[in-house]
Amino acid sequence: MSIRTRFAPSPTGYLHIGGVRTALFNWLLARGQGGQFILRIDDTDDSRNRAEAVKPIIDGFKWLGMTWDEGPADDAGGDSFGPHKPYFQGQRNGKYEAAAMKLMAEGKAYPDYTTPEQQDAARKQAELARKPYVHRGSNRDVSPEENLQQYQARKVPILLKVIPGQKVTFTDHVRGRIDVSTDTIRDPALLRAPDAKGICRALYSFATVVDEADFGITHVVRAEEHLTNTPTQILIFQALGATPPEFGHVPLIYRNGKKISKRDLPPLSPEEIGKLKACGWTEEEIKGRDDLNLATVAYYRELGYLPEALINYLIRLGWSLDGEQEIIPLDVAIKKFSLDRVTKAPGNFDMQKLFWVQGEYMKLLSTEEKLERCIPFLTKAKLIGDVLDAKTRAILTTIVDASGDRIKLFSDILAYAAPILKDDIEYDPKAREKAFKDANAKSLLAEFAEALKAAEPFDAATIDKVMHQFVADRGLKLNAIQLPTRVAVTGVGVGFGLSDTLAILGKERVLNRVAAALKL
RNA sequence: GGCCCGUUCGUCUAGUGGUCAGGACGCCUGGUUCUCAACCAGGCAAUAGGGGUUCGACUCCCCUACGGGUCACCA
């Protein structure tokens with residue numbers, strides 16, 4: 001039997017970075033063994049605008065290139081594809097109800113008429129007695145027939161009858177053997193009491209188990225927070241007469257030693273906001289995107305990260321190939337991934353290392369590939385129009401080429417292209433001051449402009465020669481002229497090679513800009 | 001608090017009784033260099049603590065500490 005894994009997010013409106021890693025492990029496992037990877041939407045709770053909340057998740061998976069073999073349709077319209085559809089739990093409640101009723105008929109489940117007040121009281125009492133509270137409901141020992149009858153008359157939550165005094169044992173593929181006593185497992189709620197529409201919706205654990213069995217999931221790989229309710233779910237599998245799947249609980253992702261969650265994440269820093277604005281984002285657009293923070297996939301996409309870099313980083317966070325390799329091509333990861341090399345301890349999300357991985361993947365791209373993916377950022381920032389003419393394209397190609405490894409994120413293109421593409425220069429005050437601090441700087445720059453005037457052809461190689469000759473004649477270092485010239489023609493103190501910069505600008509603009517700078 | 005899980009450089013990790021405890025990010029120093037980036041060479045830096053077991057423990061066992069998860073008609 002081929003393996004079937006799954007990822008089952010609840011539609012929150014964004015794709016969480018931790019979720020992606022869990023999904024990735026499932027995906028690698030399935031792809032590595034010729035199995036299937038299934039996407040299921042766990043929307044048993046509130047049915048808030050589903051389609052809209054699902055879309056960011058679908059989009060995220062598509063961007064990352066993580067394909068699913070069964071699950072929601074990729075237009076995020078609420079349809080599903082695959083032999084067990086639908087793959088939205090919100091659309092599968094009939095199955096859960098039927099399964100619960102069957103369990104009740106078999107005497108394995110029962111309606112619980114305990115009131116919340118009674119439960120609270122019992123809980124409090126147990127607390128006072130310093131004993132754990134393990135909930136067992138009212139009708140545990142009532143006959144199935146009687147229970148069915150009472151339930152028809154008045155619907156309340158349905159609970160699974162847990163048999164005390166037994167052990168539940170399973171071998172977790174990352175954490176090893178786990179066993180717990182059923183004495184510590186409460187009778188879990190399977191179905192809720194009817195909601196306003198009279199529908200008794202399933203609870204997470206029950207819907208999950210019913211679906212896992214129905215879909216034929218063989219390996220459940222999920223976050224560690226689900227470890228403790230695994231025994232409960234195994235009990236449900238057994239009650240259903242189904243074989244439990246294999247389990248693997250992967251550690252959580254932390255940030256600064258704490259679980260990375262949207263709630264306690266800092267809002268976008270001024271720097272990040274500045275970067276987005278430079279990318280052409282308006283204040284309103286930024287405010288309207290509450291899915292933009294470092295815990296979401298969208299954040300990395302919008303900043304110009306490479307999906308393969310994010311994936312590589314995430315794979316290495318909590319898993320290793322051999323302790324040596326950091327850059328692991330996807331095909332290698334697919335071939336080599338295994339749960340037994342997943343770490344047990346939680347890992348901290350390290351933005352700096354992600355950034356480094358990103359840089360490594362950028363080095364692999366050709367100038368053409370880089371340019372293609374930079375273009376959307378240039379368009380958004382309105383540095384170029386919607387259609388790219390051949391001349392601008394040629395200039396951009398030269399810029400990307402000259403920039404080399406300096407473009408770490410695709411959005412970085414803006415910093416290198418803007419000074420060249422824009423007609424009016426914005427002088428960075430600090431760079432300007434530094435460049436012209438020396439009293440002779442301006443007169444030297446004027447002399448250099450004269451030398452440049454004679455450069456023919458005005459290409460990088462010639463300019464380079466002129467530049468070196470110019471400083472050599474005067475017994476100076478290149479630095480004497482480098483910064484003043486750079487600031488004069490670009491307004492900023494950093495950039496790619498000066499001769500490239502001058503050549504791309506062309507003689508006329510260079511001379512004009514120098515002349516303008518001299519008047520400052 | 002009960003139950004469960006975890007703990008190797010600042011961070012990600014290798015390691016399964018005998019290693020100078022390895023690699024990577026970051027950081028620092030030097031080199032190269034027209035700025036920046038890149039590149040090259042080097043450096044700093046870890047087995048949470050305490051008991052056992054053993055000729056020998058990072059590795060096995062126990063305790064402590066710390067961190068985390070979970071205890072819902074959330075997922």
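On a predicted model such as this, the values are computed, not experimentally measured, just so you know.
Going from atom CG of A:L498 over to atom P of B:C34 covers 11 Å, rounded to whole Å. Summarising the geometry, the separation between CD1 on A:I57 and C1' on B:A75 is reported as 12 Å, rounded to the nearest angstrom. For the pair A:F349 CZ and B:G68 C1', the computed distance is 20 Å after rounding to whole Å. Taking atom CD of residue A:E324 and atom P of nucleotide B:G15, one finds them 11 Å apart after rounding to whole Å. Rounded to an integer number of Å, the gap from CG of A:N348 to P of B:C25 is 18 Å. Rounded to an integer number of Å, the gap from A:K131 NZ to B:C3 P is 14 Å. Between A:I253 atom CD1 and B:G68 atom C1' there is a gap of 15 Å when expressed in whole angstrom units.
Comment: A:E212 engages A:R40 in a salt bridge, judged by a side-chain N to carboxylate O separation of less than 4.0 angstrom.
Listed by first then second residue, pairs satisfying ring pair (Phe, Tyr, Trp, His ring centres under 6.0 Å) with a partner in residues 398-419 of chain A number zero, not counting sequence neighbours.
Residue-level contact check: A:H249 touches neither bases nor backbone, having no heavy atom under 4.0 Å from any strand. Across all strands, A:S320 comes closer than 4.0 Å only to sugar-phosphate atoms, never to a base (heavy-atom distances).
Of the candidate nucleotides B:U35, B:A24, B:C39, B:C39 has the atom nearest to the side chain of A:K363. The side chain of A:L252 has B:G68 as its nearest neighbour among B:A72, B:A14, B:G68.
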